[in-house]
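Worksheet for the structure shown next.
Throughout, a chain's letter reflects where its sequence line sits, starting with A, and its residues are numbered from 1.
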Amino acid sequence: MVRVRFAPSPTGYVHVGSLRTALYCYLYARHHGGVNILRIEDTDRTRYVEGAVENIIRTMEWAGIEFDEGPFTGGACGPYVQSERTEIYRAHANQLIANNDAYVCFCTSERLDTVRKQQQASGTPPMYDRHCRNLSKEEVATRIASGEPHVVRLRIPIGEVVRFHDLIRGDIEFDSKTIDDQVLLKSDGFPTYHLANIVDDHMMEITHVIRGEEWLSSTPKHVLLYRAFGWEPPKFAHLPLLLNADRSKLSKRQGDVAVEDYREKGYLPHALINFVALLGWNPSATEEIFTIHDLIRDFDLERVNKGGAVFNREKLDWMNAEYMRKMSPHELLPLVRPLLEKRNFVVSDEYAERVIAVMQERVHTLWDFVDFASYFYAAPTFADVDEKYKSKHWTEEAKSRLGELLPKLDASETWNHDALEAIIREYAEANAVSAGKLIHPLRLAVTGRGMGPGLFELLSVIGKEECLRRIRHALQHLT
RNA sequence: GGCCCCUUCGACUAAUGGUUAGGUCACCACCCUUUCACGGUGGCUGAACGGGUUCGAAUCCCGUAGGGGUCACCA
């Protein structure tokens, strides 16, 4: 039985790289009929952000990633929040000390800093100098009894090569002399990631550890911990990183990294999921659009790439547009509606659906239905009019043509695409001008823009009274 | 700097020793067209470098270079 876990720490937003890790865990679990677990790694009290756990869960729900065990969901291996498991870690740390696989260290952070600075100055690798590695049991006991602050460190064996197999990268080995005597239990009594992670993965019977490549270099410590406990380690799969355009680790400085950012900017969860799924993994090379069911069916850790992948916003935009085009205006409406409200645009559902229908081919995000189509909800102000378009099409001739056309439009009993096209084309023909001579000025008068849906559909959506009002207004005020 | 990982078009990637190195995004051109899009057609651009192994290497091996990650009482 495959059991995987997504183990974020509640420090704020959810990074898109974390989203991809969570996705791969989910896909792997579902593909193999296994169990997907959510575990909150909140052992650093200083970084804890209020509400972050709820945010993680909300974000995962939005993305459609489901968990079979976790906080709120429950399960046989709980609790799934590490801060509720401190006694377990403490007991395990003591076991390690008893077996001489770990030791108590009394070094102060000041001493550690000094040592580190000296090492840096002399060009030696910055590592703990193992000052407390061989204290006598008696000394340790008395110092602890006297209340001296201390941590517990892993006793890394000397002169050994630590080997492990990675599902994505193959066999990897580290010389033990390059591995630090890692702190396992902090002086505040909380475990570090390394201890808590290993204990929990074992107790929760995790079979596959799927995580980012940044964990690769601490994996030998984990392997050593499994051995010290006498436990069978899980299989490891270290995912390639998501990158900025300059190929550094995807960071906040260079754009949006929070899943919440993309949600707020009008991206659909299915599009984001589809997009990040393909960053580092690809099943076919010819298909680009995959439903979650396709992804579950095809996902395979062994096809995950080794190299990092640049997060390419343009392709995300394209993919989001693809998803929006495939939806019906009726399906899109509930997603667009709240955005209209944020802009204080008040329209009926029926009207909004008609706008969505005519805008659907030309949007990249949900916000485009609002901000690129604002003239559907309110008369244009011409404040940000395209001057080039205006000077080309808002000529004296154009204005007089519109003046002549106006009564014909006003006289029309029907106001739909075909009727409007007939009126305008008839006028154009009768006056021996190209239809474009009328269409562009009309578009400008009614929308204030040089781009958008076909003029006849746009006029028909906005409606006769409003269109006539805008044309008259423009003829009088737009110069 | 030590250690570890990585390296196919600008970006995401396919191919698992024999292909004119394929697809998608972006970009360019043309078609469609009232604009912008959509759609269609075509195009541009790629194996980091150097050695091997082999009849044959993007693919296997070694080296070099470049990039990245990591070196906390953070995860």
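Contact annotation for Gly212(A): no contact, since no heavy-atom pair falls under 4.0 Å across all strands. Nucleic acid contact for Tyr193(A): base, since at least one base atom lies under 4.0 Å from a heavy atom of the residue. Heavy atoms of Asn305(A) sit under 4.0 angstrom from primed sugar atoms or phosphate atoms, though from no base atom. Nucleic acid contact class of Ala435(A) (heavy atoms, under 4.0 Å, all strands): none. Within the nucleic acid shown, Val183(A) comes within 4.0 Å of sugar-phosphate atoms alone, with no base atom in reach, counting heavy atoms only. The residue Pro191(A) sits close only to the backbone: its heavy atoms come under 4.0 Å of sugar-phosphate atoms, none of a base.
Nucleotides G43(B) and G22(B) have their C1' atoms positioned 16 Å apart, rounded to a whole Å. Remark: the separation of the C1' atoms in C4(B) and U8(B) is 24 Å, to the nearest Å. Spacing of P atoms, C25(B) relative to G39(B), comes out at 8 Å, to the nearest Å. Comparing A21(B) with C44(B), their P atoms sit 14 Å apart, to the nearest whole Å. Across G23(B) and C9(B), the matching C1' atoms stand 12 Å from one another, rounded to whole Å. Annotation: U33(B) and A26(B) have their P atoms spaced 23 Å apart (nearest Å). Comparing the C1' positions of U45(B) and U24(B) gives an interatomic distance of 15 Å, to the nearest angstrom. Rounded to whole Å, the P atom of C61(B) lies 13 Å from the corresponding atom of C5(B).
With hydrogens and angles ignored, no donor-acceptor pair closer than 3.5 Å exists between the side chain of Lys437(A) and the base of U34(B). Side-chain N/O atoms of Thr178(A) and base N/O atoms of C3(B) include no donor-acceptor pair closer than 3.5 Å. On a pure distance criterion of 3.5 Å, a polar donor-acceptor pair joins the side chain of Arg362(A) and the base of C36(B).
Of all the heavy atoms in Val14(A) and Met60(A), the pair that sits closest is CG1-CE, 4.0 Å. Between Trp415(A) and Leu468(A), the closest heavy-atom pair is CH2-CD2, 4.4 Å. Nearest approach of Glu404(A) to Lys408(A), heavy atoms of both residues: O-CG, 4.1 Å.
Taking atom CZ on Arg47(A) and atom P on C73(B), their separation rounds to 14 Å, with Å as the unit. Rounded to an integer number of Å, the gap from Met359(A) CE to A37(B) P is 12 Å. Summarising the geometry, the separation between CG on Asp181(A) and P on C73(B) is reported as 11 Å, rounded to the nearest angstrom. What separates CD of Gln120(A) from C1' of A72(B) is a distance of 12 Å, to the nearest Å. The separation between Ile289(A) atom CD1 and U24(B) atom P is 12 Å, rounded to whole Å. Rounded to an integer number of Å, the gap from Arg169(A) CZ to C4(B) C1' is 10 Å. What separates NE2 of His238(A) from P of C3(B) is a distance of 20 Å, to the nearest Å. To the nearest angstrom, C1' of U34(B) lies 10 Å from CD1 of Ile424(A).
Remark: G2(B) base-pairs with U70(B); criterion is Watson-Crick or G-U wobble with both hydrogen-bond distances under 3.5 Å. U7(B) is paired with A65(B) under the criterion used here, namely a Watson-Crick or G-U wobble arrangement in which both key atom distances are under 3.5 Å. With a 3.5 Å ceiling on both atom-pair distances, the Watson-Crick or G-U wobble partner of G39(B) is C31(B). Look at U45(B): it lacks any Watson-Crick or wobble partner with both distances under 3.5 angstrom.
For the pair Arg362(A) and Phe372(A), the cation does not sit on the ring face, since its NZ or CZ is not both under 6.0 Å from the ring centre and inside 45° of the axis. Cation-pi geometry between Arg153(A) and Tyr103(A) is not satisfied (NZ or CZ under 6.0 Å from the ring centre, within 45° of the ring normal).
In this structure, the nucleotide among U35(B), U24(B), C5(B) sitting nearest to the side chain of Glu288(A) is U24(B). Listed nucleotides: C25(B), G2(B), A37(B). Nearest to the side chain of Glu361(A): A37(B). Side-chain proximity of Asn282(A) to A75(B), C4(B), U13(B): nearest is U13(B). Of all nucleotides listed (C25(B), C4(B), U34(B)), C25(B) comes nearest to the side chain of Asn312(A). Counting only heavy atoms from C-beta on, Arg443(A) has its side chain closest to U35(B) among U35(B), G23(B), A75(B). Checking G39(B), G23(B), A72(B) against every side-chain atom of Arg116(A), the shortest atom distance belongs to A72(B). For Ala309(A), counting side-chain heavy atoms from C-beta on, the closest listed nucleotide (A15(B), C12(B), C6(B)) is C12(B). Distance from the side chain of Glu213(A) is smallest to G68(B) among C36(B), U24(B), G68(B). Ranking C73(B), A11(B), C4(B) by closeness to the Arg247(A) side chain, first place goes to A11(B). With G23(B), A75(B), A72(B) as the candidates, the nucleotide lying closest to the side chain of Pro126(A) is A72(B).
Atom CD of Glu387(A) is surrounded by more than 12 heavy atoms from other residues, nucleotides or ligands within 6.0 Å.
Looking at which nucleotide of RNA chain B each of Met451(A) and Trp318(A) is closest to, the 5′-most match is held by Trp318(A). Taking for each of Lys315(A) and Val310(A) the nucleotide of RNA chain B with the nearest heavy atom, the 5'-most of the two is the partner of Val310(A).
Using cut-offs of 30° and 60° for the angle between ring planes, the His194(A) and Trp215(A) rings count as perpendicular.
Each of Lys221(A), Arg155(A), Arg130(A) was checked for a salt bridge (Lys or Arg N to Asp or Glu O under 4.0 Å) with Asp181(A), and the lone residue meeting it is Arg130(A).
The existence of a salt bridge linking Glu457(A) and Arg354(A) is excluded, since no basic side-chain nitrogen approaches an acidic carboxylate oxygen closer than 4.0 Å.
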